[in-house]
Amino acid sequence: MAEVRLENLAKKFDQVTAVDRINLEIKDGEFLTLVGPSGCGKSTALRLVAGLEKVTSGNVYIDEKAVNHIPPQKRNISMVFQSYALFPHMSVESNLAFGLKIKRKSQEEKMQRVKWVLDLLGLKGMEKRLPKELSGGQRQRVALGRALVLEPDVLLLDEPLSNLDAKLRLRMRTELKRLHKKIKTTIIYVTHDQAEAMTLSDRLAVMKDGRILQIGTPQEIYERPTDIFTAGFIGSPPMNFILGERLPFVKREEAMVGIRPEDLSVSLEKAEKSILGKSSVTETLGSDNYLYVDISDLLISVRLKPDQKIEEDQTIWLVPNLEKIHVFDKSTGRRVQWAG
Amino acid sequence: MKSLRFILICLVLFFIIFPLFMMTKYSLSDRESIVTGGKYPEPFFPFKPNLEMFEALSVRKDFAGAGLTSLWVGLLAVAFSLFLGAPTAFALARFKIPGIAILLFFLLSVRLFPDISAVIPVAELLLSRPFSLLPPVILVGLAHTLLALPYTVYIAKGVFESIPKDLEEQAHVLGAGKARTFLKILTPLALPGLGAAAIYTFFLSWNEFVFAYFLTFQGTQTTLPVYLLRILTWSPQKNFISAISLVICIPVIIFTFLVQRYMKEGLTAGAVK
Ligand SMILES: Nc1ncnc2c1ncn2[C@@H]1O[C@H](COP(=O)(O)OP(=O)(O)O)[C@@H](O)[C@H]1O
Ligand SMILES: [Mg+2]
């Protein structure tokens with residue numbers, strides 16, 4: 001177990017700045033997620049921590065020791081690649097034992113640790129199989145097991161669930177969470193899936209164009225996004241954005257107002273501080289129903305109360321929960337204080 | 001369409017099988033079946049098939065010697081070209097090298113000229129000191145390495161490119177250094193593909209005539225194709241010469257059948273993940 005600290009870390013490939021001076025502290029035993037759209041530099045950041053890429057500038061510290069010049073094999077980290085990177089010519093057992101062999105563990109300890117991982121991840125009976133004889137979920141678990149068996153200081157996971165089908169992904173999500181509770185290793189997790197990031201992490205760092213926009217607990221980021229990108233990226237269905245001048249009760253020039261679907265309620269009668277609109281289709285997402293509302297050229301999503309039913313093409317009023325609205329500066333995209 | 005295809009296949013098969021049939025037929029022939037003196041047409045199959053020619057061959061020391069020479073030359077060519085070609089190919093596959101296109105062109109250049117013109121400078125070099133001090137087996141082996149190297153490099157480059165870089169990086173992350181990664185991960189994965197390159201090189205060497213001839217025409221020790229020419233210059237009987245060529249062909253045919261699948265995998269290793 002260890003702390004990781006990134007200090008003004010940057011990586012340039014020829015013309016592209018993949019990671020742009022990021023600062024981040026990951027606490028001992030923490031599950032931290034780098035989340036952001038594809039191409040924003042998450043993998044590169046992770047590979048910098050692993051030592052698979054040379055830093056352009058800045059520093060990586062593991063337990064307060066600068067590791068910039070230490071090769072990956074000496075950093076006592078483990079990484080699970082998106083492709084799993086199982087060695088195709090080795091059995092599950094040999095894959096799992098690969099790192100232990102290098103560390104010259106005794107035969108007994110090796111067996112014991114491999115057995116521990118097989119039990120932990122429900123892989124018993126698969127020892128002799130080759131990777132190609134495993135299902136996607138099993139491969140994923142072998143890859144995870146191969147990293148865990150070394151008891152690394154830091155575990156790096158690059159979109160480990162993205163190659164699984166939706167159902168398995170959900171199951172592995174809970175398993176990962178349970179696993180982290182049990183082993184308490186420091187984990188840096190990379191994903192482009194905000195829902196995954198929100199459910200798994202202790203804290204998350206939202207990235208865009210190589211920069212970290214916001215760091216915080218899932219709740220902090222959900223409730224107080226510091227900029228418009230984060231606000232729109234986290235949450236599903238995404239936050240609605242309405243120009244400030246269309247909401248006379250938000251007395252601020254040049255504002256973009258963000259309102260989450262659950263912070264709006266539908267009224268069939270004219271209400272104070274509300275937005276006039278016309279109801280459109282209702283969509284069911286699990287247990288929640290979302291109504292889409294036309295307000296001139298904009299489509300707004302609203303979470304309906306349970307049992308609430310709204311016909312199409314009705315004139316309705318949307319009443320925002322004023323305590324929960326987010327106001328951003330239109331030009332900078334940054335959150336601004338707003339006294340309702 | 002179907003019948004056309006059938007005819008084409010038959011035609012191709014005919015061209016492949018006919019020479020083999022002729023070789024087999026003559027090598028088994030008795031004297032009356034080939035020396036007709038125009039009195040009667042040559043029979044489709046010998047009157048009294050026999051193995052006399054093969055028996056005669058089996059006791060000839062020079063034939064066995066040429067066979068052994070060919071074998072050694074082939075193995076040397078395989079060893080040299082893999083030893084030089086595989087690391088080169090690995091470097092070409094993994095690292096950005098400026099001017100790589102020009103490099104690959106030069107690598108191929110020996111094969112751009114007809115052998116008969118390429119052989120002159122090569123023979124000139126290998127037959128002068130210090131190379132001329134080496135035994136002919138090594139000289140011919142070196143020449144065949146030169147011929148096989150471009151193919152070895154191209155095949156091996158494809159093989160290494162087909163091995164995902166993730167696997168190497170994963171090995172590093174798990175604690176393996178460069179040497180261990182090369183030995184435990186890359187080598188076993190590349191082996192089938194490199195095997196294909198080795199087989200290709202061996203057959204190239206086994207069949208090669210021009211370079212072997214220029215490098216060995218003065219001495220007694222030579223490879224099978226050149227030995228065949230020497231026998232031909234004495235105008236031997238059809239049945240004797242057929243027996244020799246059949247014996248030269250047989251290992252190639254048997255081996256090709258055995259490793260066909262394996263070879264196909266290796267040659268397309270670059271194309272499929
Ligand atoms: N080896 C590389 N060479 C050149 N550009 C790269 C390389 N790796 C990544 N990039 C670029 O860096 C940016 C970030 O990539 P990456 O870290 O893979 O993003 P993510 O994992 O968030 O999808 C992308 O624009 C990508 O094209
Ligand atoms: Mg990525």
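Each chain gets a letter, A, B and so on, in the order its sequence line appears, and its residues count up from 1. All of these numbers come straight from a predicted model, not from anything done at the bench.
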(message) For the interface with chain A, which of B/Lys184, B/Glu168, B/Arg180 has the highest count of heavy-atom pairs at distances below 4.5 Å?
(response) B/Arg180
(message) So for B/Ile185, is it side chain, backbone, both, or neither that comes closer than 4.5 Å to the heavy atoms of chain A?
(response) both
(request) Determine the option with the most heavy-atom pairs under 4.5 angstrom with chain B, choosing from A/Pro88, A/Ala143, A/Ala147, A/Pro71. (result) A/Pro88
(request) Identify the heavy atoms of A/Pro160 and A/Tyr189 that sit nearest to each other, and give their distance. (result) CG-CE1, 3.5 Å
(message) At a heavy-atom distance under 4.5 Å, which candidate from A/Met90, A/Lys103, A/Arg75, A/Arg47 has the highest pair count against chain B?
(response) A/Arg47
(request) Provide the closest heavy-atom pair for B/Ala212 versus B/Thr223 in the form atom of the first, atom of the second, distance. (result) CB-OG1, 3.5 Å
(message) Between A/Glu127 and A/Ser91, do the side chains contain a donor N or O and an acceptor N or O under 3.5 Å apart?
(response) no
(message) Which heavy atom of A/Leu150 sits nearest to which heavy atom of A/Ser78, and what is that distance?
(response) CD1-OG, 3.8 Å
(request) Salt-bridge test for A/Glu7 and A/Arg5: reply yes if a basic N is under 4.0 Å from a carboxylate O, no otherwise. (result) yes
(request) Please flag which part of A/Ile102 lies under 4.5 Å from any non-hydrogen atom of chain B: side chain, backbone, both or neither. (result) both
(request) Give, as side chain, backbone, both or neither, the part of A/Leu156 having an atom under 4.5 angstrom from any heavy atom of chain B. (result) neither
(message) Check A/Lys115 with A/Asp119, please: is the shortest side-chain N to carboxylate O separation under 4.0 Å?
(response) yes
(message) Please classify the contact between A/Phe81 and chain B as side chain, backbone, both or neither, with a heavy-atom cut-off of under 4.5 Å.
(response) both
